There are 2 protein chains.
Amino acid sequence: MRSADDLTARARIRDAALVRFGADGVAGTSVRAVAADADVSAALVLHHFGSKDGLRQACDDHVLGLIRSGSAGEVEHEALAELLAEATPLRRYLARALLDGSPAANTMFSEIVDATRRWLAEGEAQGWVKPTEDPLARAVTYVSWLFAPLVLGEQVGRLLGGDVAEMRTSVRAARVGLDMLTNGLFADDRWLKAFSSVT
Amino acid sequence: MRSADDLTARARIRDAALVRFGADGVAGTSVRAVAADADVSAALVLHHFGSKDGLRQACDDHVLGLIRSGSAGEVEHEALAELLAEATPLRRYLARALLDGSPAANTMFSEIVDATRRWLAEGEAQGWVKPTEDPLARAVTYVSWLFAPLVLGEQVGRLLGGDVAEMRTSVRAARVGLDMLTNGLFADDRWLKAFSSVT
DNA sequence: CGGGATGCTAAACGAACGTTCAGCTCTCGG
DNA sequence: CCGAGAGCTGAACGTTCGTTTAGCATCCCG
């Protein structure tokens, strides 16, 4: 009914669950804790979502919906970075979902890889991306690198950020990352040669 | 006593816990499940480790010890990659520990970043690593990229591996990664410029 | 006005949890 | 021979878990 304001108890429960699931994991979160955070009874949680796993699925769908907020059901991986950089709870939830391999996380990862593969292919055709022998592996690796500061955000922030806002540190990491992807890290191909000779 | 063969019940319990913790998370694993996997009673688990959290700490210490198997208490991040590539349970355990920020995982990450920073500085002095304005951020980003296929191993393996042994896929990802770090990904600096102009 | 959804709660259920405890069976030094 | 200690177990403790049930308001539609 009043889905616009998104302040229904159902939405409050789902948001509270997202934070808890991200912070403590699904198994480490009790239905009662979520209910308390949302200021409702534990019974209402199950009334709305059927079961704890139903609540988890609803969180998955909601996150997927947030990420797909862009063009017509497809993941926009540029807006994604911004979305996740500021939203620590969402970031943690997604990191756990990726690790556990929840269906929604798998879908999201696959879609982003696919979009990246097409984007890189387009760049390769237009000349601003270097050619490769293994486009799929490159896209997967690129996306996993894109997600690395996301999943390891606690560690990156701890070593880079200190007490500063997270924005600073993610920008700092993004800059050096982009630099490595543009100019390279190694000045010669000694490691690449060494690797090729070993395998 | 017979610590050499490492087949005591205590070691069996610890190994079983490592697998379970990695697969289901600490909160999602019961002491009874670990005990069943190790073919002992639940009471023995607590007899040896005091509590469930004591068991978790023992796992942390054991993993840290395994990783530090190299030169005199310091992490060898080359051997680490091999160690983790083949050992899926250990990989999953470490991924969760990094995400949760357990003390052992924090220590390990910090040590690896520090070793990497010195290694890159040495390379920079010798000319086989390109210079940077932000050595710490580069080291952190490099290590997080190194760990990305580790933490996101389920996703990478799913898209790249199929049913093949994990060895293949990790080699495949490592090759394109090394290629990107040597030759770069982007042929010109349009993205780097775009990023610099925005921030 | 009246009755069936809808939103929500308190209380209780059985199961599973981490942990404790008394006691068993070996082994080994005196 | 025997008593102490280490390794180990079955049974039980109290707690918390996910879930169910019965019932209370509130609101909308006839």
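Side chains included, hydrogens not; waters and symmetry mates left out as well; all remaining heavy atoms used. Labels below follow one simple rule: chain letters A, B, ... track the order of the sequence lines, proteins then strands, and each chain is numbered from 1. As the structure is a prediction and not an experimental result, all values here were calculated from the model.
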*Under the side chain to side chain contact (heavy atoms under 4.5 Å, CB included) test, which residues partner A43(B), sequence neighbours left out?*
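Checked A43(B) against side chain to side chain contact (heavy atoms under 4.5 Å, CB included); matches are S41(B).
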_Residues that A17(A) engages under side chain to side chain contact (heavy atoms under 4.5 Å, CB included), provided they are two or more places apart_ =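 Partners of A17(A) by the side chain to side chain contact (heavy atoms under 4.5 Å, CB included) criterion, ordered by chain and then number, come out as F21(A), V34(A), L55(A), C59(A).
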*Between Q57(A) and D53(A): side-chain donor-acceptor atoms closer than 3.5 Å*: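 Yes, D53(A) and Q57(A) have a side-chain donor paired with an acceptor closer than 3.5 Å.
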*Over all heavy atoms of both residues, which pair between L64(B) and M108(B) is shortest? Give the atoms and the distance, please.*
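Nearest pair, atom of L64(B) first, then M108(B): CD1-CB, 3.8 Å.
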*If you take all heavy atoms of L160(B) and R172(B), which pair is closest and at what distance?*
O-NH1, 3.3 Å
_Residues from residues 38-46 of chain A lying under 4.0 Å of DNA chain C - heavy atoms_ =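 Going residue by residue through residues 38-46 of chain A, the ones with a heavy atom under 4.0 Å of DNA chain C turn out to be V40(A), S41(A), A43(A), L44(A).
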_Strand-adjacent residues in residues 16-27 of chain A, judged by heavy atoms under 4.0 Å from DNA chain C_ =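 Contacts with DNA chain C under 4.0 Å: none.
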Could you tell me how far apart [X] ([atom1]) and [N] ([atom2]) are, to the nearest whole angstrom?
{"X": "K52(A)", "N": "dT19(D)", "atom1": "NZ", "atom2": "P", "value": "8 Å"}
{"X": "R12(A)", "N": "dG7(C)", "atom1": "CZ", "atom2": "P", "value": "13 Å"}
{"X": "H47(A)", "N": "dA10(C)", "atom1": "NE2", "atom2": "P", "value": "15 Å"}
{"X": "I13(B)", "N": "dG7(D)", "atom1": "CD1", "atom2": "P", "value": "11 Å"}
{"X": "R10(A)", "N": "dG7(C)", "atom1": "CZ", "atom2": "C1'", "value": "13 Å"}

*Apply side-chain hydrogen bond (donor to acceptor under 3.5 Å, both in side chains) to S110(B) and list each qualifying residue two or more places apart in sequence or on a separate chain.*
R158(A)
*Return the nearest nucleotide to the side chain of H48(A); candidates are dC8(C), dG18(D), dG18(C).*
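So the side chain of H48(A) is nearest to dC8(C).
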*Which pairs pass side chain to side chain donor-acceptor pair (under 3.5 Å) with one or both residues in residues 176-190 of chain B, sequence neighbours excluded?*
D179(B)-N183(B), D188(B)-R190(B)
*Look at atom CD of Q126(A) and say whether more than 12 heavy atoms of other residues, nucleotides or ligands are closer to it than 6.0 Å.*
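Atom CD in Q126(A) is crowded, with more than 12 foreign heavy atoms closer than 6.0 Å.
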*Pick base, sugar-phosphate or nothing for R32(A), based on heavy-atom distances below 4.0 Å to the nucleic acid.*
base
